[in-house]
Colleague: 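The structure under discussion is supplied below as structure tokens; questions concerning it will follow.
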There are 2 protein chains.
Amino acid sequence: MTQLTRTFAALSDPTRLSLVETLIASGELPAGALAAQATISAPAISRHLKVLREAGVVRQRIEGTHRFYSVDAGALARINSWTMDHRSFWGKSLDRLDGMLALDPEGEDQ
Amino acid sequence: MTQLTRTFAALSDPTRLSLVETLIASGELPAGALAAQATISAPAISRHLKVLREAGVVRQRIEGTHRFYSVDAGALARINSWTMDHRSFWGKSLDRLDGMLALDPEGEDQ
DNA sequence: GCGTTAATTAACATTTGCGTTAATAAAAGA
DNA sequence: TCTTTTATTAACGCAAATGTTAATTAACGC
């Protein structure tokens, strides 16, 4: 498991992706607040947070009995770097698709 | 499982990520060529390719007994879209990090 | 038609992932 | 100090993922 595959694995679960989106929107939240909005049990959330932490996707800040979680910006940046590393591969098709949608409803393929 | 989590799940396995990288580099390859460079068995590779296909990460083109695989550019574009959707979150830190590395070896934190 | 080649599917064993409830740990507050 | 609050870890069950070898499917070439 590389760093990148671990990051992808961390985000491959709907519950965890949802936690990440919530944390991106809120900035920093204690485990309890994250568990409160979830449909599964607090221990389950706690373990999902552990997976995210071990993958380097979130960070934990301890204050008293509270554990505040936040998304590590670097994790998203790493994913972005990977896609950008291959931009010459997918970027062309994307630009072409954009062009087709915007300028040529009939398409331009042979 | 959303489309995005399925894409992340497809790329969360080192073997599958490696297949994708190979296909990005080579463009299009038959299953046999992909199996040949792998350390695991051909049936195992065949199933990994199926996972990638069902997640929309690769496409299959049939020609005789050969199945040619290639990466679907849209899959990488979707991941890139997700990171870009949250760029205001991680972009700032990244820019700041870039700035620190380029301009201020001592850092600028208190 | 028949054997060969390319690839997948079947059957099986093992491991990993994810959920639950119960138990534990540690800080706060009366 | 004793109880409450916050959060995690333990123990357990079950479903899904991943690997292997054997069997199957389909096209080629003689």
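Numbered from 1 within each chain, the chains take letters A, B, ... in sequence-line order. Only heavy atoms go into these numbers, but all of them, side chains included; no hydrogens, no water, no symmetry mates.
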Colleague: Take atom CG of B/L52 and atom C1' of D/dA17, then tell me their distance rounded to the nearest Å.
Modeller: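 One finds 14 Å between C1' of D/dA17 and CG of B/L52, rounded.
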Colleague: C/dT16 C1' sits how many Å from A/E54 CD, rounded?
Modeller: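 It works out to 14 Å between those atoms.
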Colleague: Test of understanding: with side-chain contact (heavy atoms from CB on, under 4.5 Å), list the residues that count as partners of A/A25, not counting sequence neighbours.
Modeller: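 Not a single residue meets the side-chain contact (heavy atoms from CB on, under 4.5 Å) criterion with A/A25.
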Colleague: Take the protein atom CD1 of B/I45 and the nucleotide atom P of C/dA6, then report the distance between them rounded to whole Å.
Modeller: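 One finds 16 Å between P of C/dA6 and CD1 of B/I45, rounded.
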Colleague: A/Q60 side chain N/O closer than 4.0 Å to the phosphate oxygens (OP1, OP2) of D/dT8?
Modeller: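 Affirmative; the distance criterion is met.
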Colleague: Using only atom types and a distance under 3.5 Å, with no angle test, would you say the side chain of A/R53 pairs donor to acceptor with the backbone of A/Y69?
Modeller: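 Judged by distance alone, no pair lies under 3.5 Å.
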Colleague: Please report the distance, rounded to the nearest Å, between CD1 in B/I40 and C1' in C/dT14.
Modeller: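 The answer, rounded to whole Å, is 15 Å.
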Colleague: The side chain of A/P43 lies closest to which of these nucleotides: D/dG19, C/dT21, C/dT9?
Modeller: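 Looking only at side-chain atoms, A/P43 lies closest to C/dT21.
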Colleague: Report the base-pairing partner of C/dA30 (Watson-Crick or G-U wobble, both distances below 3.5 angstrom), or none.
Modeller: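 Check on C/dA30: paired to D/dT1, both distances under 3.5 Å.
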Colleague: What nucleotide among D/dT8, C/dA11, C/dA6 has an atom nearest to a side-chain atom of B/H66?
Modeller: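 Comparing D/dT8, C/dA11, C/dA6 against the side chain of B/H66, the answer is C/dA6.
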Colleague: Check the interface with nucleotides 26-30 of chain C: list each N/O to N/O pair with the protein under 3.5 Å, or write none.
Modeller:
none

Colleague: Please tell me which of the listed nucleotides, C/dT8, C/dC18, D/dT9, lies nearest to the side chain of A/H48?
Modeller: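 Of the options given, the side chain of A/H48 lies nearest C/dC18.
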Colleague: Given atom CZ of B/R47 and atom C1' of C/dA13, what is their separation to the nearest angstrom?
Modeller: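 About 12 Å, once rounded to whole Å.
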Colleague: Which is true for A/Y69 with a 4.0 Å heavy-atom rule: it touches a base, it touches only sugar-phosphate, or it touches nothing?
Modeller: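 A/Y69: backbone/sugar contact only, no base atoms under 4.0 Å.
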Colleague: Applying ring pair (Phe, Tyr, Trp, His ring centres under 6.0 Å) as the test, list every pair that has at least one member in residues 22-54 of chain B; sequence neighbours left out.
Modeller: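 Listed by first then second residue: nothing to list.
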Colleague: Looking across every strand, which nucleic acid part, if any, lies under 4.0 Å from A/A44 by heavy atom: base, sugar-phosphate, or nothing?
Modeller: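 Base contact - A/A44 has a heavy atom under 4.0 Å of at least one base atom.
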Colleague: Specify the separation, in whole Å, of atom CG of B/D13 and atom P of C/dT15.
Modeller: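 So the CG-P distance, B/D13 to C/dT15, works out to 17 Å.
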Colleague: Need the pair for C/dG17. Rule: Watson-Crick or G-U wobble, both distances under 3.5 Å, any strand; none if unpaired.
Modeller: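 Paired with D/dC14.
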Colleague: Quick one: sort the A/W82 and A/H86 rings into parallel, tilted or perpendicular, breaks at 30° and 60°.
Modeller: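 Judged by the thresholds at 30° and 60°, the geometry between A/W82 and A/H86 is perpendicular.
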Colleague: Please report, rounded to the nearest Å, how far the C1' atom of D/dT6 is from the CG atom of A/L29.
Modeller: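 Rounded to whole Å, this separation is 15 Å.
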Colleague: Can any side-chain N or O of B/W90 pair as donor or acceptor with the backbone N or O of A/V71 at less than 3.5 Å?
Modeller: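 Here the side-chain-to-backbone pair does not exist.
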Colleague: Below 4.5 Å, heavy atoms only, C-beta onward: do B/L11 and A/L4 meet side chain to side chain?
Modeller: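 No, every pair of side-chain atoms sits at 4.5 Å or beyond.
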Colleague: Mind calculating the distance between CG (B/L19) and P (C/dA7) to the nearest angstrom?
Modeller: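 Distance, rounded to whole Å: 13 Å.
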Colleague: Just by modelled atom types, is the A/A55 backbone N or O under 3.5 Å from a matching donor or acceptor in the A/Q3 side chain?
Modeller: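 Judged by distance alone, yes, a pair lies under 3.5 Å.
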